[in-house]
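Below: one structure, written as structure tokens.
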Amino acid sequence: MEQLKSIGRELAMGSQGGSSKEFLDLVKSIGEARSKSEEDRIILRELETLRRRLSDPDIPRRKMKEYLLRLAYAEMLGHDASFGYIHAVKMAHDDNIMLKRTGYLTVALFLDDGHDLIILIVNTIQKDLRSDNYLVVCAALVAVCKLINEETIPAVLPQVVELLNHPKEAVRKKAVMALHRFHQKSPSSVSHLVSNFRKRLCDNDPGVMGATLCPLFDLISEDASSYKDLVVSLVSILKQVAEKRLPTTYDYHHMPAPFIQIKLLKILALLGSGDKQASNHMYAVLTEIFRKCESSSNIGNAILYECVCCVSSIYPNSKVLDAAIEATSKFLKSESHNLKYMGIDALGRLIRINPDIAEEHQLAVIDCLEDPDDTLKRKTFELLYKMTKSTNVEVIVDRMIDYMINITDNHYKTEIASRCVELAEQFAPSNQWFIQIMNKVFEHAGDLVNPRVAHNLMRLIAEGFGEDDEGADTQLRSSAVASYLRILGEPKLPSLFLQVICWVLGEYGTADGRHSASYIIGKLCDVAEAHSSDDTVKAYAVSAIMKIFTFELAAGRKVEMLHECQTLIDEVLASHSTDLQQRAYEFQALLALSSQAIENVMPLDASCEDIEIDTSLPFLSNYINQAIENGARPYISESERLGTVNTITPASASHYQQDPAHSLRFEAYELPKPRAPPPSIQPSSTSSLPTSSSDLVPVSEATYTTREEQHNPKVQTLADQISAEIGVHLKLEGVQKKWGLQTYSSPSAPSTSSSSTQKATNGMVTSDTIRQSSLDSRKQQVPEVSAEKQRLAASLFGKKAAERKVQGGTRRPAKESQPAVATSAPEPPKEEKVIVPAAPPPDLLDLGEPSETATPTIDPFKQLEGLLEPAAGSDVASAPSPSVSAVKTPDLMSMFTETPSIVDSKSSDKGVISSTIAKKGPNVKEALQKDATARQVGVTPSGNNPNLFKDLFG
Amino acid sequence: MPHPNQKRDVQIPISVVLRFRRLIFLIANSIFPFQPSSSLANQFFPTIIFTIPPKSGSAKVTCLFFLERERGSINSKLSTMIRFILLQNRQGKTRLAKYYVPLEDSEKHKVEYEVHRLVVNRDPKFTNFVEFRTHKVIYRRYAGLFFSMCVDITDNELAYLECIHLFVEILDHFFSNVCELDLVFNFHKVYLILDEFILAGELQETSKRAIIERMGELENI
């Protein structure tokens with residue numbers, strides 16, 4: 001029967017005359033194709049035929065129309081039909097409206113706004129927008145929405161604006177949508193048209209009004225404050241819609257114009273956010289919609305959900321809030337998975353206003369958590385993430401990790417791993433627990449975790465917890481060592497985790513005396529051997545072995561060189577990686593030193609100590625004096641040398657002549673007042689353009705800074721008068737040359753002292769009461785085994801209201817202080833003065849692109865490396881996880897600088913900016929010190945790839 | 001065309017790399033031979049190349065601007081909107097595909113394949129929403145056809161679910177009792193209906209009658 005029907009249809013369609021027998025056959029044969037490859041064969045044959053036919057110079061136009069449709073069909077099935085694009089463009093020129101429409105349809109399907117042929121179609125569109133036939137105008141407007149790009153907007157904009165007043169509502173509607181699209185592509189192009197949108201809001205035709213809500217939503221989401229005057233009219237529109245004043249044709253499943261209602265509610269949510277006055281206008285209409293909406297249909301629930309979103313966004317009002325809570329609980333109690341999902345999402349929004357709301361629904365939430373439906377589960381994890389506090393963090397993070405272990409989707413795994421880390425860092429009840437959780441996260445998602453997390457963990461173990469109790473720290477370290485020795489037995493470990501393990505074993509492997517040096521060294525050799533292709537891990541292992549050796553030697557004990565260790569060192573000495581080689585040579589050199597010297601070079605457990613550097617290098621003065629006495633010329637600073645050059649050359653050229661170095665010059669970007677002391681310039685530029693300054697890749701800035709200061713004429717003094725500061729610069733220059741990387745000085749961090757205190761508070765700031773209460777809740781969970789769900793509920797949602805009251809005082813502040821604890825606290829304003837004197841020059845090219853800013857230290861090579869990988873940066877925007885280059889660069893500084901490891905998504909912008917700002921400080925001295933420390937401790941893996949440019953330059 | 005200084009350039013060819021959203025800015029110490037086959041060139045168009053003439057004592061400087069070749073992704077920066085609409089049958093054959101963000105052909109293939117894999121085996125009791133990369137796919141099954149819509153992660157899922165249903169109602173009305181074959185043989189008309197319903201990734205018209213009337217006007221010419 002079904003077949004008969006389809007045959008009938010085929011006959012009917014065949015007789016329509018629209019498509020020929022050939023087309024029908026094509027579709028039929030594809031329908032009957034048994035496999036994808038068979039389908040591909042058919043299409044390829046078809047494309048061959050079409051190519052032949054299209055090369056015929058004189059094709060009847062009707063035939064051409066069909067060919068184009070067949071091409072579109074092939075293209076839709078994923079085959080390249082680019083040879084026919086030009087014919088589609090030609091057909092759009094046609095005078096016959098049927099053919100023109102087909103032309104536009106196929107052009108819109110074939111091309112997108114970046115295609116070269118767009119330039120050919122713009123003329124046609126311009127002509128058609130002026131047409132008397134409104135159908136032609138409509139076809140052109142549809143094409144405009146798809147095809148017009150940023151560069152061609154000006155060519156059609158005036159005409160589209162004119163069409164806003166077209167007598168036909170279909171044209172007005174499409175013109176509004178076209179302007180909406182223009183705004184998306186280039187916001188500035190339509191910013192002057194706001195009044196037109198306002199006018200269209202009062203259009204007689206509800207369709208045009210509904211369409212106008214789209215551009216309005218965009219405009220308002222960018223800047224709500226300038227549209228507050230619309231609140232009253234939008235509320236009255238919503239009221240009229242809800243009261244069924246619109247034509248019944250807009251009804252859908254007995255709801256009056258639901259899609260328009262939803263759009264209106266979205267806009268109101270934006271306008272009422274944090275604005276009591278605006279929100280006041282909305283309460284009445286919201287209450288009414290809550291009352292009227294029937295929750296029996298999907299669309300009714302969609303409106304209810306949108307109302308809940310709106311309520312959670314605007315200034316809270318107890319009455320509408322109650323209605324929203326009621327609607328949410330209906331969702332949660334529903335049998336439908338869809339509604340449960342919406343309920344969980346709505347609950348996540350409402351608990352932001354009142355965290356107690358969740359308690360009533362605890363069992364429903366736990367049901368969703370155990371549901372086999374993955375989507376629902378993830379949504380529930382998102383909710384849990386939002387409601388985590390110090391009392392339930394253990395249960396939630398444990399659950400998350402259990403779930404994380406079993407997922408294969410890397411994107412989501414990364415996200416959930418970073419959430420685990422974030423929660424653990426914020427709420428960890430004990431250090432032991434924190435380390436355990438970190439170990440689990442690394443073990444199961446190691447390669448997906450931001451390297452900063454690893455550095456944070458190392459530092460945590462090294463610094464202890466800021467408490468004076470040395471014993472606790474020692475205990476913590478030995479437990480970490482013990483757990484790592486156990487974990488090393490596992491077959492496959494992620495590289496990042498191995499780095500942590502090696503470092504910790506090197507620093508503290510023998511500290512408690514429980515394990516012999518040769519045992520630890522043996523383990524480390526195994527690691528290096530098992531991961532012979534991973535240079536970073538190997539570097540860590542070699543450094544760790546070196547540390548163990550030196551600690552032993554310094555303590556006066558004799559260590560025998562294990563055979564496998566010797567093999568490893570020999571191998572590394574001949575390594576292609578210069579970094580590895582250097583480590584091995586350093587190792588050899590150290591072994592030859594006396595034990596006292598070794599103790600000075602490699603002090604025990606000193607990874608957190610600051611190193612004082614006297615930058616005037618006094619120990620050399622004897623040598624210098626001697627040399628001068630022997631007739632050597634005294635050192636003349638570079639600026640002084642330049643000064644003499646300057647007097648010779650004409651004033652106009654002096655600008656260029658100033659720099660004799662065979663490298664790039666940056667004069668084009670020079671600061672307006674290069675001689676002024678840095679602080680006076682910077683504060684204004686950073687405060688006014690925070691995003692753009694962080695937008696700039698620090699590379700150029702570092703170079704810029706140093707050069708700037710080298711030329712500073714103030715420095716034209718004799719060598720013996722050179723201040724400590726300049727000494728730093730000189731030294732810095734040497735380092736730069738040595739490494740060839742000009743980024744070198746950029747990662748100068750905020751002061752260590754402040755960062756270390758911040759770090760110390762990280763996760764440990766929980767007051768005693770909280771810890772006590774968390775202990776209580778843990779005790780309460782343990783004995784009950786029978787009602788597992790209730791137990792889970794209790795641990796997730798807290799025990800009773802009374803208990804919560806008691807804790808309330810302490811818990812809230814803990815929660816509120818999250819951003820400050822999790823990210824590096826924004827620097828107080830006066831500290832910003834210390835920031836680089838370089839204003840970011842290349843702003844003219846691209847104003848603040850926040851997604852790219854999260855890269856405090858980047859070197860050009862890494863950058864280029866990033867470029868070579870497809871779509872390296874494209875996901876950065878949405879993922880809360882760290883920037884790409886941060887992942888790629890083992891950042892040697894991050895161990896010692898406080899930078900946001902996992903930035904709280906809410907405060908990420910602020911955190912990122914403040915950290916970048918902090919990083920730019922010209923405090924080179926500190927950077928040097930830290931570098932020295934880092935070197936000493938051995939956490940300087942360098943991953944420069946010597947083959948990087950091989951394919952680029954043949 | 002190898003440059004005489006090639007050897008020297010290879011050592012430190014690039015001094016500065018600045019990366020913006022779609023624009024790459026490179027400054028090289030000198031003109032370095034640009035080989036179109038290199039992987040950098042595959043991904044980027046060199047758009048502007050200019051050389052700053054050498055001053056005494058300094059090397060030649062070449063600046064290159066690259067425009068990223070990749071034309072877009074579903075993560076495109078555009079605000080909340082429908083990213084694409086797919087009609088697929090149970091075997092994964094695409095019956096209709098409409099993209100509102102520019103995508104490469106290979107990316108389209110991948111998207112279609114992945115979406116089909118995501119939705120085809122889901123338990124009918126489960127939610128009609130699936131996370132897809134950084135977005136969400138709302139799908140609905142009608143007989144053997146899956147209608148999928150990719151939307152922003154924060155959008156109102158139920159509304160889009162009903163949006164699909166409204167679209168199907170319109171199709172049903174237009175083709176009077178629609179079936180898969182109607183869509184296959186008249187796929188161009190389906191595109192036209194879709195253009196009346198959704199434009200530029202947003203709902204343009206939500207009145208069924210208004211759309212049907214418009215289609216009638218188009219049919220009559």
Side-chain angles (χ1 to χ4, degrees), chain A residues 6 9 13 27 69 76-78 97-98 105 112-114 142 145 170 173 177 180-181 184 207 210-211 214 218 249-250 252 259 262 298-299 301-302 305-306 337-338 341-342 373 375-376 411 656 660 662 664 697 699-700 842 845-846 849 860 863-864 867-868 874 877-878 949 951-954, chain B residues 10 12-21 23-24 27 32 35 38-40 43 55 57-59 61 70-71 73 75 78-79 94 97 102 105 109 125-131 133-134 156 158-159 161-162 166 181 184-185 187-188 191 195 199-200 202-207 209-210 214 221:
Chain A
S6 61
R9 270 176 195 276
M13 271 171 248
V27 174
L69 286 180
M76 187 176 83
L77 291 178
I97 177 155
M98 276 304 279
L105 178 71
D112 54 45
D113 63 2
V142 171
C145 286
K173 203 160 57 188
M177 295 309 281
H180 164 63
R181 189 63 158 181
Q184 285 179 337
C214 297
D218 281 358
T249 52
Y250 283 87
Y252 173 78
F259 297 103
I262 288 171
N298 261 341
I299 194 68
N301 286 319
Y305 166 79
E306 205 56 59
H337 273 68
N338 284 346
Y341 178 92
M342 305 306 275
D373 183 353
T375 314
L376 192 53
H411 169 73
Y656 286 102
H662 295 273
L664 264 187
V697 182
V699 179
S700 64
L845 292 171
D846 190 359
E849 174 68 17
Q863 278 254 305
L864 198 67
L867 300 183
L868 295 173
S874 62
S878 47
F949 296 108
D951 61 342
L952 230 181
F953 305 104
Chain B
V10 171
I12 306 176
I14 292 163
S15 316
V16 172
V17 180
L18 298 177
R19 184 175 183 155
F20 305 98
R21 187 153 54 88
L23 190 72
I24 312 298
I27 302 179
F32 64 87
Q35 294 176 347
S38 74
S39 58
L40 187 71
Q43 211 185 340
K55 287 274 184 292
S58 77
V61 172
E70 181 197 24
R71 280 212 289 283
S73 68
N75 301 326
L78 305 179
S79 60
T94 306
D105 279 348
H109 281 191
K125 278 207 309 265
F126 284 2
T127 50
N128 291 74
F129 327 128
V130 210
E131 274 174 42
R133 305 191 190 166
T134 48
N156 185 334
L158 274 183
L161 195 62
E162 288 312 289
L166 179 57
L181 268 177
V184 178
F185 285 108
F187 76 104
H188 54 292
Y191 275 123
D195 280 342
L199 196 57
E202 294 275 4
L203 286 181
Q204 175 204 192
E205 177 60 73
T206 55
S207 158
R209 190 193 288 170
R214 289 270 306 130
I221 48 173

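Every value quoted in this text rests on a predicted model; they were computed, and no experiment measured them. Convention: sequence-line order gives letters A, B, ...; per-chain numbering from 1.
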Open item on the list: Just so I know, are the side chains of B:Thr206 and A:Tyr252 near enough to count as touching, which here means a heavy-atom distance under 4.5 Å?
Closed with: no
Open item on the list: Quick check for you: to the nearest 0.5 Å, what is the distance between A:Leu69 atom CG and B:His188 atom NE2?
Closed with: 5.5 Å
TODO: Would you mind reporting whether A:Leu376 and B:Phe126 have side-chain heavy atoms less than 4.5 Å apart?
DONE: no
Open item on the list: Between A:Leu105 and chain B, with a heavy-atom cut-off of 4.5 Å, which part of the residue counts as in contact: side chain, backbone, both or neither?
Closed with: side chain
Task: Minimum heavy-atom distance between B:Gln204 and A:Ala211, given as atom pair plus value - done: O-CB, 4.1 Å
Open item on the list: A side-chain contact here means heavy atoms from C-beta on lying under 4.5 Å apart; do B:Glu205 and A:Phe259 qualify?
Closed with: no
Open item on the list: Which one wins on heavy-atom pair count under 4.5 Å against chain A: B:Asn128, B:Asp195, B:Thr94?
Closed with: B:Asn128
- [ ] Decide yes or no for B:Phe187 and A:Val27: does some side-chain heavy atom of the first lie under 4.5 Å from some side-chain heavy atom of the second?
- [x] no
Open item on the list: Tell me if a side-chain donor or acceptor on A:Asp373 pairs with a main-chain N or O of B:Thr127 at a distance below 3.5 Å.
Closed with: yes
TODO: For residues B:Asn156 and A:Met342, determine if any side-chain heavy atom of one lies less than 4.5 Å from a side-chain heavy atom of the other.
DONE: yes
- [ ] Answer with side chain, backbone, both or neither: which region of B:Leu161 has an atom nearer than 4.5 Å to a non-hydrogen atom of chain A?
- [x] side chain
TODO: Taking A:Thr375 for its side chain and B:Phe129 for its backbone only, find out whether a donor-acceptor pair lies under 3.5 Å.
DONE: yes
Task: Over all atoms of both residues, closest heavy-atom pair of B:Leu199 and A:Met177 - done: O-CE, 3.3 Å
Task: When B:Arg214, B:Arg209, B:His109, B:Lys125 are compared by non-hydrogen pairs under 4.5 Å with chain A, the top option - done: B:Arg214
Task: Inter-residue atom distance A:Ile262.CD1 - B:Glu162.CD, 0.5 Å rounding - done: 9.0 Å
